[in-house]
Amino acid sequence: MVRTRFAPSPTGYLHIGGVRTALYNWLFARQHGGQFILRIDDTDKQRNVEEAIRPILDGLRWLGIDWDEGPDVGGPLGPYYQSQRLDRYREAVEKLLAGGHAYYDYATTEEIQAERTEAEREKRMFRYSRRFMAETPADRARFEAEGRQAVVRLKIPTEGKLTIDDAIRGRVEFDWANEQDHVVQRADGTCLYHLANVVDDHDFQITHVIRAEEHLSNTPRQVFIVEALGYPRPAYAHLPLVAEPGSHTKLSKRKLDKYLKNRDFAELLEHGRKIAAAIGHPVEADAFNPVIVDFYRTVGFLPEAIVNYLALLGWSLDDKTEHFSRKELIESFSLDRVNKAPASFDPRKLMAFEERHFQLLPSERKVELVVPFLEKAGLIESPSSDRQRQLIAEIVAAAGDRIKVAGDVLEFADFFQPDDRLEYDEKAVAKNLGKEGAAELLAKFRDRLATAEPFDAAALETLLRDFVDAEGIKIGQIIHPLRVAVTGKSIGFGLFDTLAILGRERCLRRIERALAR
RNA sequence: GGCCCCGUCGUCUAGUGGUUAGGACACAGGCCUUUCACGCCUGCAGCACGGGUUCGAGUCCCGUCGGGGUCACCA
């Protein structure tokens, strides 16, 4: 039975790179009919763990990455919080000590630091001298009499090699001599990540450790613990990093300012900000950042688009397939087709996937997705009435591919605005309504609109074309002023659809108002 | 700096000794068109470098250069 896991620490947000790791673990487990476990790495004691993991769990669920065991769902091997498994770690430390694979060390931080500095000065690699290693209870007593406190360190071999057969990187070799006697238990008795990690992976029967490449260098010490504890060694797969746009440096939440210099990234954030502002979502919030999944949810991205994009960020099936449903991903994913080189996050390409997935949605689904945005923006009541839903359906249909993320519906907010509150894009007004004769034509056409029957897109088109013939003008001479008069803008979807959706009364009112300016 | 990983268009990638180095996003131009968006067509653009091995190298070997990760009583 394949068992994989994702082990976020409670930071309060779900990083896009983390999602990619979680996704690959999930995909791998699902493909093999195995299980995907979620574990919370909260060895670092902190308050509000619950609060800090909530956005992470919500984000994963939103993306459709579900877990078989872990927070909220429980499981037979719990608890799934490291902070609740301390006894297990302590037992492991005891075992390490008993087996001679670890030792009590009484060196102070300063003493270690001194050795380190000395090594540096002599330009040789630092390796702790074990000068304060306690080998017997008598040693311990002596050190303690001096007022020293012990940490527990791994007794790493001083020679020999370690070979790891990584599922992605192939064979990787390390010299034990280059490793350190890492601390596994602090002076206060609490345990460190690497120890906890190994113990948990074993306790949770994890068969495949799939994680980011940054952990590759940490693997030797973990393997040492695995072996010392007599555990079976899991398979390792180290994923290439998700990098910054246009660079190969690890993508980080904290470098927003830097990323903003990237045009595509800035555009994406700006796009999101417009939507967020319209629905009253705090734009300056920490989590409102394209590096964080919550951003996409807030703005109305499709989870399947993000999953599709992320799946392809470091993995590919072949030379042509790009569009994958969740099901297809589960069927075709494989570790051996994961790339080795870091992949930089490309906001543009993510957007392309989003557009594609949104296009493919049936219109009822689009309406469903768009409604919450109109509600939050206060443009429709909640719950929405049948009439409003009808209006929305018409708008969504007329908008076609212009709505790329659900929040884009707010670009058509003026359909929900009272006519006397319509805002005008002044440049568009000047350019189109200000033209010689535009107002006169508009007034004339308004009279025709007043009696047009029926008032639907097809009939209106005929009406307008007849008008153009009768006046001997070019179609643009009336269509552009009309659009601005009725929507306030020079861009938008089909004019006849626009008129029909607005209906006669509203069209006339808006034209009057425009003419009065 | 030590150790480890990585290196095909700007970006994501296909490529496993013989290809005019393919696709996608982006970009440029054009078509469609009532604007915008969509769609369609065309174009631009890449094997980091140097040595080997071989009849033949993006593909294998070595070196160089470049990029990244990691070296905590963080996770």
Side-chain angles (χ1 to χ4, degrees), chain A residues 7-11 41-44 82 105 108-109 112 116 119-120 123-126 149-153 164 166 168-170 172-175 177-180 182-188 190-194 196-197 212-221 238 240-241 243 245-250 263-264 309 312-323 337 339-353 355 359 399-404 408 411 428 432 461 464-465 468 474-480 482-484 487 489-496 498:
Chain A
S9 41
T11 51
D41 277 13
D42 56 348
T43 353
D44 224 14
Q82 290 194 324
D105 178 56
T108 63
T109 314
I112 295 284
R116 203 185 301 268
E120 212 165 289
K123 296 207 193 308
R124 46 157 243 268
M125 200 203 105
F126 163 72
Q149 284 190 313
V151 297
V152 176
R153 286 182 185 276
I164 294 166
D166 190 278
I168 294 168
R169 267 141 235 285
V172 183
E173 281 196 345
F174 297 88
D175 282 322
N178 289 320
E179 281 297 306
Q180 301 292 339
H182 299 283
V183 173
V184 287
Q185 188 178 70
R186 298 184 181 94
D188 67 4
T190 59
C191 291
L192 259 23
Y193 169 75
H194 294 287
N197 191 58
E213 196 207 299
E214 50 187 312
H215 290 288
L216 185 56
S217 305
N218 300 145
T219 309
R221 73 179 88 162
H238 287 92
L241 254 23
S247 145
H248 282 164
T249 309
K250 190 170 120 184
R263 188 167 117 251
D264 300 336
Y309 171 69
L312 256 13
L313 198 60
W315 172 85
S316 67
L317 207 218
D318 52 31
D319 59 341
K320 48 179 90 66
T321 322
E322 289 229 295
H323 193 272
R337 288 200 61 87
N339 237 60
K340 293 180 187 172
S344 46
F345 174 73
D346 182 350
R348 221 57 206 229
K349 189 131 187 175
L350 204 207
M351 201 53 171
F353 277 101
E355 291 182 31
Q359 275 177 6
D401 297 330
R402 272 160 278 238
I403 298 178
K404 302 175 193 309
D408 285 339
E411 301 204 355
N432 297 296
E461 177 157 7
L464 186 129
R465 291 196 187 275
V468 166
K474 278 190 286 189
I475 195 164
Q477 286 177 268
I478 178 64
I479 215 159
H480 298 308
L482 223 201
R483 177 188 301 283
V484 175
T487 66
K489 292 186 257 187
S490 60
I491 57 168
F493 48 72
L495 180 64
F496 307 114
T498 304

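Letters A, B, ... mirror the listed sequences (proteins, then strands); counts begin at 1.
If you check the side chains of Ser9(A) and Thr11(A), you find no donor sitting under 3.5 Å from an acceptor.
With P as the reference atom, A75(B) and U70(B) are 15 Å apart, rounded to whole Å. One C1' atom belongs to C44(B), the other to G50(B), and the distance between them is 29 Å to the nearest Å. Comparing the P positions of A45(B) and G22(B) gives a spacing of 12 Å, expressed to the nearest Å. Between the C1' atoms of A57(B) and G15(B), the separation comes to 13 Å (whole Å).
Contacts of Gly476(A) with the nucleic acid, taken as non-hydrogen atoms under 4.0 Å apart, are absent. Counting any heavy atom pair closer than 4.0 Å across all strands shown, Gly494(A) reaches a base atom. Among the protein residues, Asn339(A) comes within range of the sugar-phosphate backbone only, with heavy atoms under 4.0 Å from sugar or phosphate atoms but none that close to a base. At a threshold of 4.0 angstrom between heavy atoms, the contacts of Phe493(A) include nucleobase atoms, whether or not backbone atoms are also involved. Using a 4.0 Å heavy-atom criterion, one finds that Arg483(A) contacts the bases of the nucleic acid, with or without backbone contacts as well. Residue-level contact check: Phe496(A) touches the bases, meaning some heavy atom is under 4.0 Å from a base atom. Residue contacts for Glu120(A): at a heavy-atom cut-off of 4.0 Å it reaches no nucleic acid atom on any strand shown. Counting any heavy atom pair closer than 4.0 Å across all strands shown, Asp401(A) reaches sugar-phosphate atoms only and no base atom. Residue Lys404(A) is classed as a sugar-phosphate contact, given heavy-atom separations below 4.0 Å to backbone atoms only.
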Query raised in the report: What's the verdict on side chain to side chain donor-acceptor pair (under 3.5 Å) for Thr487(A) and Arg483(A), showing C-alpha distance, side-chain angles and the deciding distance?
Result: CA-CA 6 Å; Thr487(A) 66; Arg483(A) 177 188 301 283; 5.7 Å; no

Requested in this report: May I have the step-by-step check of side chain to side chain donor-acceptor pair (under 3.5 Å) for Asp42(A) and Gln82(A), ending in yes or no?
Outcome: CA-CA 6 Å; Asp42(A) 56 348; Gln82(A) 290 194 324; over 6 Å; no

Requested in this report: Check step by step if salt bridge (Lys or Arg N to Asp or Glu O under 4.0 Å) holds for Glu214(A) and Lys250(A).
Outcome: CA-CA 9 Å; Glu214(A) 50 187 312; Lys250(A) 190 170 120 184; 2.9 Å; yes

Report summary line: B/S/- along nucleotides 63-75 of chain B (protein heavy atoms under 4.0 Å) is ----SBBS-SBSB

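Considering only heavy atoms from C-beta on, Gln185(A) stays 4.5 Å or farther from Val151(A) through its side chain.
When distances are taken from the side chain of Asp346(A) to each of G10(B), C4(B), G15(B), the shortest belongs to G10(B). Relative to the side chain of Lys349(A), the nucleotides C12(B), U35(B), C27(B) differ in distance, and C12(B) lies closest.
Base pairing annotation: U54(B) forms no Watson-Crick or G-U wobble pair, as no partner gives both donor-acceptor distances under 3.5 Å. Across every strand in view, G43(B) sits in a pair with C27(B) that passes the Watson-Crick or G-U test at under 3.5 angstrom.
Residues forming a side chain to side chain donor-acceptor pair (under 3.5 Å) with Gln359(A) (at least two apart in sequence, or on another chain): none.
Nearest approach of His238(A) to Ile168(A), heavy atoms of both residues: O-CD1, 3.6 Å.
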